[in-house]
Amino acid sequence: MHDVIIIGAGPAGLSAAFWCDELGLDTLVLEQAEHIGGQLHRVYNPVENYLGVKTRNGAELLELFSRDVDAADFDLWTGTVIDSIDLRAKRISLRSGETLQAISMIIATGVRPRELGIPGEKEFAGKGMIESGARDRELFAGKDVCVIGGGDAAVENALLLAESCPTVTLVHRGRKLRARREFAERVQPNHRITVFTESVVTRIMGDTEVEAVEIQRKGGLKPFQLAVRGVLIRIGVEPNTELFREQVRVDEHGYIVVNGECQTSVPMVFAAGDVSNPLAPTISGAAGTGATAAKVIAARLNRKSSDG
Ligand SMILES: Cc1cc2nc3c(=O)[nH]c(=O)nc-3n(C[C@H](O)[C@H](O)[C@H](O)COP(=O)(O)OP(=O)(O)OC[C@H]3O[C@@H](n4cnc5c(N)ncnc54)[C@H](O)[C@@H]3O)c2cc1C
């Protein structure tokens with residue numbers, strides 16, 4: 001019986017575990033990936049907005065986190081797949097056949113990039129699908145590329161790619177870009193970027209690598225093809241809550257609903273980080289809510305034991 005089982009070892013889960021250890025709680029962290037860090041592995045841009053720390057990218061920040069994690073005294077199981085979970089009973093069955101039991105749980109499973117679900121999207125992974133403008137800028141230098149999406153991430157990536165690609169076609173299904181003004185204002189004067197609003201990419205095509213996209217414009221009769229050698233998709237994220245959705249209150253997009261103490265609708269089950277933060281996901285927010293959940297649990301367990 002553990003005091004706390006934390007699910008997910010991104011910034012939220014790690015911060016929660018660090019605090020649980022500091023507060024003397026018997027803690028187990030379960031991470032499905034082979035490595036800890038969550039989205040930090042996809043952050044190729046400099047991290048300049050985590051108070052007191054500036055790093056070249058997410059990997060460098062993770063190195064700093066790892067020093068504290070290595071020095072702390074909690075159990076961390078990576079590559080661990082949860083088969084089923086009973087939140088009320090605080091019981092977890094692992095794919096390995098093992099059953100785990102805890103007094104409390106912290107869900108810190110974060111978010112994943114939303115997929116378009118169009119032909120070619122998966123087939124061309126690593127063959128012209130661009131993961132990050134910051135990382136892949138040089139790889140796609142001199143090539144025409146397409147960016148799908150209209151929010152901050154899409155527009156920021158289009159601007160980055162336009163530094164080294166002759167043309168960047170930004171395809172957005174809405175009428176106006178949703179990106180913050182600071183980014184959107186830089187798009188129009190950039191002669192390398194063409195924006196198709198009220199348009200969708202319906203197919204990514206090619207022989208062995210990406211060679212074109214098929215674009216359908218609203219009101220257009222027939223889709224047309226645009227020759228490109230790279231495609232980057234940034235159409236938002238979705239919360240990793242499939243395991244829990246039937247048991248805990250979630251909003252209309254599947255994010256876990258919590259109160260100011262990170263408490264979910266199930267007693268002694270907490271959520272921290274992006275999985276319960278649709279509006280303002282940040283590393284600081286993840287670290288902060290992880291700490292909050294840990295402190296609230298410690299306070300409740302102490303109260304319980306002192307109450308007898
Ligand atoms: C390209 C990019 C750039 C960014 N730049 C910044 C920035 O400059 N500043 C900033 O503040 N934020 C930035 N962010 C956002 C920041 O990375 C996230 O807010 C932060 O990582 C959220 O941490 P988290 O722990 O809540 O979730 P995540 O980082 O998503 O971690 C969740 C973890 O849970 C694991 N998991 C999921 N499901 C299960 C399961 N069923 N069982 C076990 N484990 C599971 C995942 O494998 C993952 O390791 C950026 C994000 C991206 C993608």
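Ligands are counted one by one from 1 in listed order, and the atoms in each one are counted from 1 as well. Note that these values count all heavy atoms, side chains included, but never hydrogens, waters or copies made by symmetry. The chain is numbered in sequence order, starting from 1.
- Taken to the nearest 0.5 Å, the CD1 atom of Ile297 stands 5.5 Å off from the CE atom of Met268.
- Residue pairs meeting the ring pair (Phe, Tyr, Trp, His ring centres under 6.0 Å) criterion with at least one member in residues 176-219, sequence neighbours excluded: Phe196-Phe224.
- In this structure, Arg112 places its CZ atom where more than 12 heavy-atom neighbours from other residues, nucleotides or ligands lie under 6.0 Å away.
- By the 6.0 Å and 45° rule, Lys127 does not stack over the aromatic ring of Phe124.
- Residues of the protein with a heavy atom under 4.0 Å from ligand 1 are Ile7, Gly8, Ala9, Gly10, Pro11, Ala12, Leu30, Glu31, Gln32, Gly38, Gln39, Arg42, Val43, Asn45, Asn49, Ala108, Thr109, Gly110, Val111, Asn240, Leu243, Gly273, Asp274, Pro281, Thr282, Ile283, Ala286, listed by chain and number.
- Tyr50 has its side chain within reach of Leu61: a pair of non-hydrogen atoms, C-beta onward, lies under 4.5 Å apart.
- Donor-acceptor pairing under 3.5 Å is lacking for the side chains of Arg137 and Ser164.
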